[in-house]
**Student:** 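Please see the structure below; I have some questions.
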Amino acid sequence: MSIWQSIGRGLGFGVQNAVPAPLIVRGSNLFNDLTGGMGQVPAPSEQTAMTVSAIYAAINLKAGAIAALPVHLYTQAVNGERDRLTDDALWWILNEQFNPRWSAAHGWEFLVQSLMLHGNAYAEILRSPGGAIRGLMPLHPNRVSVGVWPDGERLAYAVEPDPDVRSASAKTRILDQDDVLHVAGLGFDGLTAPSPLRHSLRMTGGVALSAQQFSAQFFANSA
């Protein structure tokens, strides 16, 4: 048994022969997850990618532009004419305040950043006891896992506890697709879209980080 197969078995694959232990070879997804997939070039994370000026500028430009756009609501009359709604509670949520913790502008910026870096943006739809929408709560993509209900017809979202809310009762919650605003990027497969950090930004972002690190060490060494 190779060392990579031993690691795979240690991660829980092949327990009780239910699933055969995967062969971890160079270029496989599991090999890339364990090693970064690029040799000595570091795989960018959300935090390190934002230290690259080009990536930061692109996300800042797009997120700021989208956050500044108004979200209009309309009602349609019997004759087909549309009238804009300005006094609806949902208009206030989408344009002014997601919830008491999040302004609408900051919420849209966060969702755009999540979409561009992780490939998916999530927000929990907060509802009143009667079912009416009373707010949106942005969710970090790392806290959300997407699956399907047993009938296979609807999506289910497992949401890990908010690390900012320290409560002994905090636990993973399962939400139906009707209670989650999910915006997926390019490559959506019915569950999620692939993360640009692991695909399109993996090489370019890693090279940029390596260049920055080399430059910093070069000048720090009394160059």
Side-chain angles (χ1 to χ4, degrees), residues 46 59-197:
E46 179 181 5
I59 294 178
N60 182 51
L61 179 63
K62 292 186 177 182
I66 292 176
L69 294 175
V71 182
H72 297 309
L73 299 179
Y74 295 89
T75 180
Q76 187 171 7
V78 177
N79 60 3
E81 294 293 329
R82 296 191 305 168
D83 295 322
R84 184 181 297 180
L85 295 177
T86 58
D87 58 351
D88 189 272
L90 185 57
W91 182 93
W92 179 267
I93 294 171
L94 296 176
N95 291 274
E96 297 294 337
Q97 189 179 62
F98 274 14
N99 60 68
R101 287 178 55 189
W102 287 81
S103 69
H106 288 134
W108 288 121
E109 285 183 344
F110 180 85
L111 293 179
V112 173
Q113 178 178 333
S114 298
L115 179 63
M116 295 185 67
L117 290 178
H118 296 274
N120 300 273
Y122 305 98
E124 180 181 356
I125 301 175
L126 306 176
R127 300 184 183 275
S128 62
I133 299 176
R134 62 178 179 84
L136 294 173
M137 177 62 73
L139 303 172
H140 195 283
N142 289 343
R143 293 175 51 206
V144 182
S145 300
V146 186
V148 294
W149 292 107
D151 59 10
E153 295 184 357
R154 299 177 63 81
L155 295 178
Y157 296 82
V159 181
E160 297 293 333
D162 188 345
D164 295 327
V165 180
R166 296 175 175 83
S167 173
S169 61
K171 59 182 180 180
T172 300
R173 297 176 297 123
I174 306 298
L175 303 177
D176 184 73
Q177 63 181 33
D178 287 346
D179 295 319
V180 177
L181 174 63
H182 178 190
V183 182
L186 179 67
F188 180 70
D189 62 1
L191 294 177
T192 60
S195 167
L197 289 174

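The chain is numbered in sequence order, starting from 1. This structure is a prediction, so every number in the text was calculated from the model and none was measured. All values below were derived from every heavy atom in this structure, side-chain atoms included, with hydrogens, water molecules and symmetry-related copies excluded.
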**Student:** How close do T172 and A158 get, counting heavy atoms only, and between which atoms?
**Tutor:** CG2-CB, 4.1 Å
**Student:** Could you walk me through whether L94 and L73 satisfy the side-chain contact (heavy atoms from CB on, under 4.5 Å) test, starting with their C-alpha distance in whole Å, then the side-chain angles of each, then the deciding distance to 0.1 Å, before giving a yes or no?
**Tutor:** CA-CA 10 Å; L94 296 176; L73 299 179; 4.2 Å; yes
**Student:** Quick test of your reading: applying salt bridge (Lys or Arg N to Asp or Glu O under 4.0 Å), list the pairs with at least one residue in residues 151-162, sequence neighbours left out, ordered by first then second residue.
**Tutor:** R101-D162, R154-D176, R154-D178
**Student:** Does L69 CG have over 12 foreign heavy atoms under 6.0 Å away?
**Tutor:** yes
**Student:** Nearest 0.5 Å, what's the NE2-CG distance between H182 and L175?
**Tutor:** 13.0 Å
**Student:** Let me confirm one number: the OH-CD1 distance from Y157 to I174, rounded to the nearest 0.5 Å.
**Tutor:** 12.5 Å
**Student:** In Å, rounded to the nearest 0.5 Å, how long is the span from CZ of F98 to CD1 of I125?
**Tutor:** 11.0 Å
**Student:** Hey, does the side chain of T192 reach the backbone of A184 with a donor-acceptor pair shorter than 3.5 angstrom?
**Tutor:** no
**Student:** From L136 CG over to Y122 OH, what is the distance, rounded to the nearest 0.5 angstrom?
**Tutor:** 16.0 Å
**Student:** Please answer whether the main-chain N or O of R127 pairs with a side-chain N or O of R134 as donor and acceptor at a distance below 3.5 Å.
**Tutor:** yes
**Student:** Can L111 and V183 be said to form a side-chain contact (heavy atoms from CB on, under 4.5 Å), step by step?
**Tutor:** CA-CA 8 Å; L111 293 179; V183 182; over 6 Å; no
**Student:** State whether the side chain of E109 and the backbone N or O of A67 hold a donor-acceptor pair below 3.5 Å, judged by distance alone.
**Tutor:** no
**Student:** Just verifying a value: how many Å separate M137 CE and L181 CG, rounded to the nearest 0.5 Å?
**Tutor:** 13.5 Å
**Student:** Does P70 offer a backbone N or O that forms a donor-acceptor pair with the side chain of N95 under 3.5 Å?
**Tutor:** no
**Student:** Short question: side chain of W92, backbone of D87 - any donor-acceptor pair under 3.5 Å?
**Tutor:** no
**Student:** Please round to the nearest 0.5 Å and tell me the distance separating atom CG of D83 and atom CD of Q76.
**Tutor:** 10.0 Å
